[in-house]
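No hydrogens, no waters, no symmetry mates; every other heavy atom, side chains included, goes into these values.
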Amino acid sequence: MTTPPAAESGHPSRVGPFRVIRPLGSGGMGVVYLAATRAGRPVAVKVVRESYAEDPRFRERFRVETEAALKVSGAFTAPVLAADPDAARPWLATAYLPAPSLTEAVGTHGPMPEATVRTLAAGLAEALAAIHAAGLVHRDLKPSNILLADDGPRVIDFGIARAVGGAKLTGTGQVLGTAGYVPPEQIAGRTSTAAGDVFSLGATLVFAATGRGAFGESGLHILLYRTAYEEPDLSATPEALRPALAACLAKEPWNRPEVPDLAELFGAPRLPGAGWLPADVAREVRRREEDMRATVAPLVLAGRRSRRRFLVVAGGAVAAALTGGRLLTRGGSARTAAAPKPLWRSALPDGFTHVRRAGDGLLLVTSGDGAGAAVLDAGTGTARWRRPPYGNAATTASGDAVYVIELDGALHARDLRTGGQRWQFTPPGYPQPDATDLTASPGDEGWVYVTSQQTGEVYALDQAGRTRWHRAAPRATVHALGRVVLCVTREAGGTDGRRSVRALDARTGAQVWAYSPAVYGLGPNPGTRLALALRHDTADLVALRVPDGRVLWTAPTGLDPGQGAQNVSLAATARLSADGFTAFFQQSLANGRFAALNTADGRTRWRGDSEHFQQLVPLGGTLFTAPVPLGIDPAGGRGPLTAYDLTTGTRRWQTPDPGEGLRQILGTFGGLVLLGVSGGPAPGLYGHALTDGGEVWKRAYETNPSARPWSAVTSGNRLWVADTTEIACFEAGT
């Protein structure tokens with residue numbers, strides 16, 4: 001009988017449900033093992049070091065990052081299959097690819113040909129787009145984190161670096177990332193965004209093309225200095241690649257190209273596929289695949305003999321014989337849908353009704369209008385600090401800063417953890433604005449963009465609160481989107497809903513582009529790639545390229561251009577899915593007719609129709625809809641909660657109509673979609689199984705039906721729900 005290989009001495013024989021075969025390597029975060037599922041599929045399991053496991057803030061970040069990583073589904077990423085942030089030593093499992101890293105391939109076979117580098121750029125750009133769509137930033141893209149499979153590269157370790165150190169220095173003199181590949185802003189301890197990954201991609205491609213780093217091969221501190229202050233050495237790279245490489249390696253993040261533009265920038269003829277690798281590297285890949293088949297064959301045989309039950313994940317991947325802890329798996333945040341476990345309840349501070357954000361052990365709550373700020377301990381609900389609401393002046397937050405418009409009318413930047421003031425701002429000549437004057441929109445690098453109704457201008461403030469530029473923008477709504485700030489401006493005295501759209505350079509305020517004709521409005525969640533707008537003259541839906549304002553496509557809506565008030569409302573329903581690949585647009589206020597469009601070309605993917613106007617909430621690969629009552633009685637709506645496949649429109653399930661009541665789709669948690677209901681015969685909080693819509697959980701609450709009382713946030717395996725008077729914390733059911 002063939003005996004499966006045993007783990008090496010000094011290493012665990014199992015990690016979670018996986019059988020350990022041998023260690024693959026170790027690094028600053030922990031040890032990586034080659035392991036196998038019970039069915040014999042190879043996986044790579046990273047077990048974190050004890051020093052990190054003892055830090056509760058690390059565990060919280062690790063949980064949040066791994067839950068996001070489980071949602072990444074790009075063709076050129078090594079998928080994360082499972083994780084256990086609550087294990088004695090947290091671990092994360094990814095698909096194992098018997099492929100050399102870019103470091104190994106270049107070290108053994110020499111630099112890559114120019115054509116391979118171009119194709120590699122396209123594959124890495126696709127991988128970064130998938131990672132960023134899941135709300136992650138890689139922060140440690142480098143040659144050793146790129147595997148060269150025969151059908152394309154695979155990016156590994158995405159998003160996990162932040163769990164170790166957040167977005168700042170990990171300790172005195174220690175920089176999160178790898179010298180020579182980490183972007184200058186990360187070296188300086190500033191927030192690293194998607195633009196930082198573009199810098200790392202550029203440095204990685206220089207290595208692929210030359211066999212050495214863009215900033216040399218010196219010691220740590222010299223490399224960091226060169227990266228921050230000197231230009232990269234591109235002399236050995238193919239001349240045709242130098243402009244694209246130089247653009248990626250720009251010192252300032254706003255001067256780098258956007259991820260969707262990278263493939264075209266590098267002139268990649270196609271995405272990676274069969275035959276993309278040089279012959280000698282391709283032979284090594286085949287050899288490694290044969291070795292791996294020989295290694296895991298005994299485990300496949302042993303798995304067939306086993307009668308133990310296993311859970312299929314991502315096409316048949318992961319056994320779920322987990323003893324203790326909570327296993328996070330691809331395709332769902334829990335193994336089965338179970339009722340959340342209540343942990344605590346606490347009265348909300350006076351004047352505060354809605355929970356807006358959770359992270360790093362803290363909760364941010366505001367008034368119903370989004371005004372004021374109270375920061376609570378996420379473990380107890382105890383208030384750390386608070387600033388009372390000032391009318392309906394909305395509070396925003398970004399990173400570790402909270403921007404609050406306080407009773408003096410000024411915008412105050414406060415430390416999220418302590419409440420300490422960093423700076424305050426009022427427009428020149430207006431020392432005490434009223435409650436409706438200022439609106440703040442956080443951008444990258446700690447900058448914030450403030451509009452004033454009194455002065456009719458937009459002000460760009462840097463992380464120290466200094467005004468870097470200001471421009472006329474009367475009655476404007478702004479969206480800070482990386483290198484540009486979109487300004488949607490209402491025309492003075494207009495009664496027909498006419499608005500103009502223009503883009504300003506985020507760092508200089510110079511106009512980048514302006515769109516003509518006028519629009520009824522912009523969709524509420526534009527991305528760095530495209531924004532949706534409803535034309536004023538034709539009522540057509542248009543997709544605008546955010547970097548340059550070019551019209552990507554135009555889609556007819558069937559709306560009457562003369563119905564100004566209705567069209568302004570409908571423009572606000574033009575929403576992008578989280579991955580940016582699907583757009584949703586509601587076509588009537590009188591009923592629930594809507595369309596789902598492919599954002600690549602504007603073609604209709606599918607249509608939906610119902611008797612009542614619907615709220616459309618895309619979450620993951622599912623679109624959830626529920627009726628929104630229109631009219632005098634906000635609790636008078638009727639209709640079911642429905643789940644559709646986001647791409648095809650196939651109806652997955654539909655709940656029974658629970659009767660009258662104001663419904664709010666709050667999000668997903670622990671295998672459930674959460675629905676808050678106020679008014680009507682059965683107010684409360686409901687949890688329906690993501691798989692079939694069955695009611696798994698109900699918590700009765702008496703709430704005010706005249707407003708939208710419900711708010712909810714999640715972090716890891718915790719859920720916090722506020723109902724305007726109290727906040728409750730729950731743990732995911734098991």
Side-chain angles (χ1 to χ4, degrees), residues 351-354 356-357 364-374 385-398 401-416 419 421-443 446-481 484-495 497-504 506 509 511 519 521-522 524 526 568-569 571-572 707:
F352 295 91
T353 59
H354 285 61
R356 304 294 184 183
R357 173 177 163 175
L364 173 65
V365 298
T366 69
S367 71
D369 291 321
W385 61 270
R386 72 185 79 175
R387 304 301 295 177
Y390 179 38
N392 60 355
T395 293
T396 59
S398 179
V402 181
Y403 304 99
V404 194
I405 297 168
E406 301 189 6
L407 298 180
D408 59 0
L411 175 68
H412 295 253
R414 296 193 175 273
D415 184 275
L416 174 65
Q421 180 169 295
R422 296 178 176 176
W423 50 261
Q424 71 178 68
F425 168 81
T426 56
Y430 291 91
Q432 190 168 6
D434 63 33
T436 62
D437 186 37
L438 302 183
T439 303
S441 300
W447 285 44
V448 63
Y449 302 88
V450 185
T451 57
S452 168
Q453 301 296 325
Q454 291 269 19
T455 66
E457 295 207 334
V458 56
Y459 302 84
L461 311 180
D462 65 16
Q463 55 196 0
R466 297 174 296 225
T467 301
R468 302 296 290 269
W469 55 263
H470 59 96
R471 296 287 183 272
R475 306 172 73 196
T477 299
V478 302
H479 301 272
L481 302 170
V484 302
V485 177
L486 290 188
C487 292
V488 185
T489 306
R490 289 176 289 170
E491 296 189 2
T495 59
R498 191 182 301 265
R499 290 161 169 79
S500 61
V501 181
R502 60 181 172 140
L504 306 178
Q511 181 167 300
V519 300
L522 209 64
V568 168
S569 297

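Residues satisfying the salt bridge (charged side-chain N to carboxylate O under 4.0 Å, His left out) test with Arg387, not counting sequence neighbours, are Glu406. Every residue meeting the side chain to side chain donor-acceptor pair (under 3.5 Å) condition with Tyr449, not counting sequence neighbours, appears here in chain and number order: Arg507. The side chain to side chain contact (heavy atoms under 4.5 Å, CB included) test applied to Ser367 returns Asp369, Ala371, Pro389, not counting sequence neighbours. For Ala394, there are no side chain to side chain contact (heavy atoms under 4.5 Å, CB included) partners at least two apart in sequence or on another chain. In this structure, the ring-ring contact (aromatic ring centres under 6.0 Å, His included) partners of His470, at least two apart in sequence or on a different chain, are Tyr459. Take Thr426 and apply the side chain to side chain contact (heavy atoms under 4.5 Å, CB included) test, not counting sequence neighbours, and it matches Ala410, Pro433.
Residues Ala572 and Pro524 approach most closely at O-CD, 3.3 Å, considering heavy atoms. In this structure, Arg357 and Ala397 approach most closely via the heavy-atom pair NH1-CB, 3.3 Å. Closest approach of Ala401 to Arg422, counting heavy atoms only: CB-NH1, 3.5 Å. Nearest heavy-atom pair, Pro474 versus Ala472, reported as atom, atom and distance to 0.1 Å: CD-C, 3.9 Å.
In this structure a side-chain-to-backbone donor-acceptor pair under 3.5 Å is present from Arg414 to Gly419. Looking only at distances, a side-chain donor or acceptor of Thr395 sits under 3.5 Å from a matching main-chain atom of Gly372. Ser441 places no side-chain N or O within 3.5 Å of a backbone atom of Ala480 that could act as its donor or acceptor partner. Here the side chain of Trp385 pairs no donor or acceptor atom with the backbone of Ala373 at under 3.5 angstrom.
Rounding to the nearest 0.5 Å gives a distance of 8.5 Å between CG of Asp437 and OH of Tyr430. Atom CG in Leu438 sits 9.0 Å away from atom CD in Gln453 (nearest 0.5 Å). Taking CD1 of Ile405 as the reference point, atom CG of Leu407 lies at 11.5 Å (rounded to 0.5 Å). Rounded to the nearest 0.5 Å, atoms CH2 (Trp447) and CZ (Arg466) are 9.0 Å apart. Atom CG in Leu364 sits 9.5 Å away from atom OG1 in Thr396 (nearest 0.5 Å). Taking NE2 from His412 and CH2 from Trp423, the interatomic distance works out to 10.0 Å, rounded to the nearest 0.5 Å.
Between Ser452 and Glu457 the shortest side-chain heavy-atom distance does not fall below 4.5 Å. Side-chain contact check for Arg499 versus Val568: some heavy-atom pair is nearer than 4.5 Å. The shortest distance between side-chain heavy atoms of Thr451 and Cys487 does not fall below 4.5 Å. Side-chain contact check for Tyr403 versus Val450: every heavy-atom pair is 4.5 Å or farther apart.
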Exercise for review: Given side chain to side chain contact (heavy atoms under 4.5 Å, CB included), test Leu504 with Val458 step by step and report yes or no.
Suggested key: CA-CA 10 Å; Leu504 306 178; Val458 56; 4.3 Å; yes
**Study point:** side chain to side chain contact (heavy atoms under 4.5 Å, CB included) between Gln454 and Asp434, intermediate numbers included
**Key:** CA-CA 9 Å; Gln454 291 269 19; Asp434 63 33; 4.0 Å; yes
